[in-house]
Every structure is written in C-alpha cells, then in structure tokens.
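Note on naming: letters A, B, ... go to the chains in the order of the sequence lines (proteins, then strands), and numbering restarts at 1 for each one.
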Amino acid sequence: MKDLDKYEDSRLIELLKEKNPVNNKAFNVIYNRYSDKLHAFCLFKSPSRDDAAELFQETWIKFYNYASNGNRTTGEISLPAYLYQIARNLSIDKYRVRKNKSIQNLDELDLEKLIDPLNIHENYEKEQLLSLISLAVNNLSDIYKEAFVLRWFADLQFNEIAVITGETAECIKMRCYRAMSEVIKSLNPIIKEISK
Amino acid sequence: MNNIEQIMDFLDGNWDPETEQSFAARFSGEPELRSEFRNYIMISGEVSKNIKSFGPPQHATESVFDTLGFSLMSESESATQMPKAGFFRSKLFSSLMTGVVSAIVTYLIMLNYNSGKIELNHANYVNQNNVQNSANIPKVSSSATDLKNQKENTPAERPIMKRSRTENVKVIILHDTVYSDKVQSLGIQAPVSAEIAFSNTPAFHVLNMGGRSEPSNMQPILLSNDKNLGITFEFNNSTNWNFPVETITPKSLSKFNNMNLAILYDLDKYFRTGIQIDQETFYLIYQGTESDDITYQYRQQPNFTTYSILFRYYPVEFYQIKPFAGAGFGINSGGYVSRFSAGFEYMPYDNFSFLLSGEYANLWFNHQGSSFAASKASLRYGLSYHF
C-alpha cells in the first residue's frame, strides 16, 4: 500500500476494477487521499453531522460502484472533483426542499457574538479561528458557500468547480472573490484581535 | 477589481511579471492592501492547515468499508504485515502448539512423579516384609486378608499401589512414634523399622499433621527436597542486532517482545533438552509480485511467537559456573527458525541460577514460492530455577 501511495488517481481508478486485495488497497489509498476534504464538503452541504456522514458514505459507495464497473468516471475533471460532483448531486436530491440555513452541524458558536464588534474583547483563542471561519462560511448564501468550500476546503481550481456546478469559470471566480471578501469582512475584527 | 480579487490572482500566478511587480510595489503605500493580504493568507492557511479536523468520524469510515466489503488499512500497515504462511499463521496452529507444549510438560512432570512413586512403594514393601517376618501383624480385619494374600504372593507379584490400613501403621512408624489408635487397641506394638527411616522427612511430617491418612507414596513433588526432578524453568530477556540493520520499525510490538520462557529436562549430567517459547521480531527483506504485475521489495519487522526445541550441553562445572552450548530448531507463523547459543549459568544457590548467553538465530521463510532468510544476534540474560 505504501507503493500505491505514489500512484496517480487515474491509475488507482483502474486498479479498482481488479480483484481483492488490489482493489482494496487502491480504494484505501483514494480514501485516505480525499476523505477529509470530501467530509468537509458534506458537512457544509448537510443540515447535521449525521446527515453529513450519511451523504459521505453514499458518495463513496456510488463512486466505487461506478469505478469498479469500468464506467468512465472522472472524464474531464479530476477524481476529487468527481467525488464532490457525486456528493453535490446526492445532496441536491436529498435536501431539495430544504432552503433554510442551518448551523447546527458546526461548532456551537453564537453568531450574534461573531458579528457584534463589542464581543471581540472576549479574547478569542487562535484555535477558535477555524470554527469561526466555518461559521462565517456557513452563513454565506448557498452559491457562495459552495464556491468557498470547493475552492479553499477542497482545494479545486475554478474550472473544476465550474464543471461540478455547471457554471462558467468566470462566474465561479467571481463567487469565490465575493465569498472570501464576505468572510474576511465578518472575521476582520476577530483577526485583528488575534493578531495583537 | 477589488483588493481580494487582485490578491487571489496574484497568488494564483495569473499575472505577467510586470503586473506582479506593480502589485508588489503597492504594498508599501497601501496599509489596507497589506491588511487584507494578511487576512487572506490567515484564513486560507488556517483552512488548508486544519483540513484534517473536518475528517470523517470513525463510524462513517467503517460503514463505507463494511458496505463495500473492504478492510481498512492504515498507511503504515505494510510495515507490520507478515508474509503469507498459511497454516502457520493461523490461530489453530497457535492453539495446537500450546496444547503440545502443555502435553510435553505434563508428561515430563508425570514421568518423574511416577518414578518417585515406584521407589516409595518399594520402601513400603520392604517394611511390610519386616512386619510379616516378625509375625507381629496387627489383627485388623480389613487389612488382615490383604496381608494374608501378600504372604502367599512373591514380592514381584504384589501390586505397587495398595491402600490398606496396614499402610496407616507404617505412617505411624515413619514418625518414630508409636500411635495407639490402631495398634495398641489390639494390644500389639508394631516394631520400628530402621529401613524406612529415609522417608521421615519434615515435609512428610507436615503433610500428615493435617490429618490426612494418605499412603506414603503420595509425597508431593514440590515439597520434596530429597529428589531432584531434573526440570529447569528459564526466563530470559534479550538485546538484539538484526542483519542487515533494520531501516523500519514495527508499528507495534508485543508486550513481551524479546522475552522467552523455556522448560528444560536433564537427560543426564551433561545434556538437557526442552522447549522454548520466544516473543521476538526478525527483520525481513523479500521480493514479491502483486496482481498488478509489479515486483515489490518488502521490508517488514513482524512480531513472531516462536516455539523451539532445544538441546544444551554442559561440559563442566566449576566455582558455581556452568558453561553451556546449545542448539535449537523452531517454527513460527513466518517460517522455520534455527538457533545456536553459548553462555554460562552462575549458580549462587542450589537451584537458582543467573544466565548470560549469546545467540545467533536464523529465520527461513517463503513468499510466492521463493525462499528468504533473516538473521539476528542476541545477548540474552535471565534467571532459571532447577526443580
């Protein structure tokens, strides 16, 4: 398995068609490579942690079933982008009717405190920054949240995000700019406090 | 184009060198740009650095692998995987070996125990003869018949084990004290025989003070100090050097790694044989071809439990020191092991020894039909107790 770590994604996908233990090892490598980022994406796409775990599982199972049957999987996009595309489509099917935002899947932080400049004097610890970023991202509208998560959490390029979302790369680029600007604007007082 | 947009384009490397230079030149004069640049780096860096904190919960991972019928492997698992060895790595093999070792130990103990019983019964027989010859046979109803029968038999025909009240009489004699409960009630005093005085040991006395009326041949083994069982228990720890020097370390080690336990039996004054169980590692290097037709070189240091048969030769003994040389052959879940050792025992007490020895061990194993070997040298130090 150590040696398979060096394989590119396309080679690993080919090995998924092989019998055990080769496909088992290949799947382990792919899983270790992308599970953290995919789960982060699922967290932002789901109303709760349990729902996120369910979406995460279904994404992997669907991915493997496609890949092991020899179906063309990634096409013009990368393997991680393909995984996010599966997760996104599944989440659309599952939560089509859900429009309201939910922050219960993230750490229990008070949004009022976050946007109230008076509370910056509460001296947030630096380790809380990630939770605050998550909270700020989750507070974005869906299209900007998705763009932010795929760009900075999933580390995808604009054109890959464009394929996943069915938008143009320029449109995604603009969404990412705005999303990041909003997040920085929300966290600016806290970041200043941390920087001191 | 706002500042954030420019920062992202700059960091993505989308600009030509001239545009980058002009952007960099703005840093010194625009505090707001510097501040937004720092914020951008802090946020994107924080997300990128801590992405693992968004990792899936364990139950989700297990559920994925269970559903797909896969086994979850850690990234370093191959460092502790053992080569395929079929039956030898099975739990059945381990259980069988435990059973075999237990059976051999039990056999050795019982062998010695039985030989001790024969000698003691012979002593009883001598005593009975004396009693009979003196014509002072106690007239106890249950034993009188037995003694009568014994009189008619030749000594060789008599059963070795004989539980009778006559034997109770002998027990009384062993303490050089004439008890009255079984003998004097008949008005007869049994003679004290000097021939069985050797059995009058303190341990035996203690045993009978408990009120047990066991025959004299039930002398317990571990309380005996007049009979050497010829069995030695050994416990060793060791420091090891692999050949070649290992470049990986096991993911986990057994709690009893580098320790061994041995049970040896004295064949005679110079030779001992026995069984040894080692918890150890060997550094394995071997090649194999996977299903993807790629040949891999594996480097592993698995944990093994090795069961060995040992032979030791003790040529001399001087000043409480017994040098020895030994050889052994063993098996474990990886393959076959040969061992050669030399060292000495220091015996400050009669039964208790300190051991120091050097050992060279070789493991032969197969992978995909090819044979490989691993070797190591050990410095062993331990304790032994001789029963």
Side-chain angles (χ1 to χ4, degrees), chain A residues 1-5 15 18-25 27-29 31-32 35-43 49 52-54 56-57 59-61 64-65 68 126 129-130 133-134 136-137 148 151-155 157-158 173-174 176-178 180-181 183-184 187-188 191-192 194-195, chain B residues 1-9 12 14 32 35-79 81 248 290-300:
Chain A
M1 188 173 157
K2 265 187 170 176
D3 296 304
L4 290 187
D5 277 337
L15 293 179
E18 301 288 333
K19 291 178 180 174
N20 218 338
V22 175
N23 60 353
N24 189 357
K25 289 178 182 176
F27 185 80
N28 268 271
V29 173
Y31 187 88
N32 287 333
S35 60
D36 294 339
K37 290 177 179 178
L38 179 63
H39 190 256
F41 180 74
C42 293
L43 277 173
R49 286 190 178 274
E54 191 178 314
F56 175 80
Q57 292 163 33
T59 302
W60 280 112
I61 291 162
Y64 178 73
N65 288 337
S68 61
K126 190 164 185 178
L129 180 59
L130 186 67
I133 293 169
S134 302
V137 170
F148 189 99
R151 177 69 184 91
W152 283 285
F153 282 82
D155 204 23
Q157 300 299 315
F158 295 130
K173 199 173 178 182
M174 190 56 64
C176 289
Y177 293 155
R178 288 178 182 169
M180 179 56 97
S181 297
V183 171
I184 289 176
L187 299 177
N188 198 33
I191 291 173
K192 278 182 183 171
I194 291 171
S195 300
Chain B
M1 190 182 281
N2 65 25
N3 284 344
I4 296 295
E5 198 174 345
Q6 291 178 51
I7 290 166
M8 287 173 63
D9 277 343
D12 284 346
N14 295 334
E32 190 183 349
S35 172
E36 285 190 303
F37 188 81
R38 273 196 301 271
N39 292 348
Y40 179 91
I41 295 294
M42 183 179 281
I43 289 172
S44 60
E46 189 74 9
V47 169
S48 170
K49 187 174 65 184
N50 295 299
I51 193 65
K52 280 201 173 297
S53 62
F54 290 92
Q58 185 64 25
H59 70 84
T61 298
E62 288 170 356
S63 177
V64 169
F65 281 81
D66 286 348
T67 306
L68 297 176
F70 285 153
S71 55
L72 185 59
M73 301 174 183
S74 65
E75 290 179 36
S76 58
E77 188 169 349
S78 61
Q81 275 182 327
I248 58 168
E290 292 286 345
S291 310
D292 52 9
D293 294 330
I294 297 174
T295 300
Y296 296 88
Q297 186 184 62
Y298 300 94
R299 293 167 186 267
Q300 300 179 336

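- Proximity to chain B (any heavy atom under 4.5 Å) is shown, for A/Ile184, by both the backbone and the side chain.
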- Task: Please report the C-alpha distance between B/Ser48 and A/Asp155 in whole Å, then the side-chain angles of each, then the deciding distance to 0.1 Å, and finally whether the side chain to side chain donor-acceptor pair (under 3.5 Å) criterion is met.
- Result: CA-CA 8 Å; B/Ser48 170; A/Asp155 204 23; over 6 Å; no
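- Relative orientation of the B/Phe65 and A/Phe27 rings is perpendicular, given thresholds of 30° and 60° on the angle between their planes.
- Considering every non-hydrogen atom in both B/Ser71 and A/Asn28, the closest pair reads O-ND2, 3.0 Å.
- Annotation: the span from A/Ile61 atom CD1 to B/Ser63 atom OG amounts to 6.0 Å, rounded to 0.5 Å.
- Among A/Phe56, A/Trp60, A/Tyr31, the residue making the largest number of heavy-atom pairs under 4.5 Å with chain B is A/Tyr31.
- To the nearest 0.5 angstrom, A/Ser35 atom OG is 7.0 Å from B/Lys52 atom NZ.
- To the nearest 0.5 angstrom, A/Leu129 atom CG is 6.5 Å from B/Met42 atom CE.
- Residue B/Val47 comes nearest to A/Leu130 through the heavy atom pair CA-CD1, 4.1 Å, listed as atom of the first residue, atom of the second, then distance.
- The contact between A/Tyr64 and chain B is made entirely by side chain atoms (from C-beta outward), counting heavy-atom distances below 4.5 Å.
- Atom-to-atom distance recorded for B/Asp12:CG and A/Gln157:CD is 6.5 Å, nearest 0.5 angstrom.
- There is no contact between A/Arg178 and chain B, counting heavy-atom distances below 4.5 Å.
- For A/Phe148, the part sitting under 4.5 Å from any heavy atom of chain B is the side chain, from C-beta outward, and nothing else.
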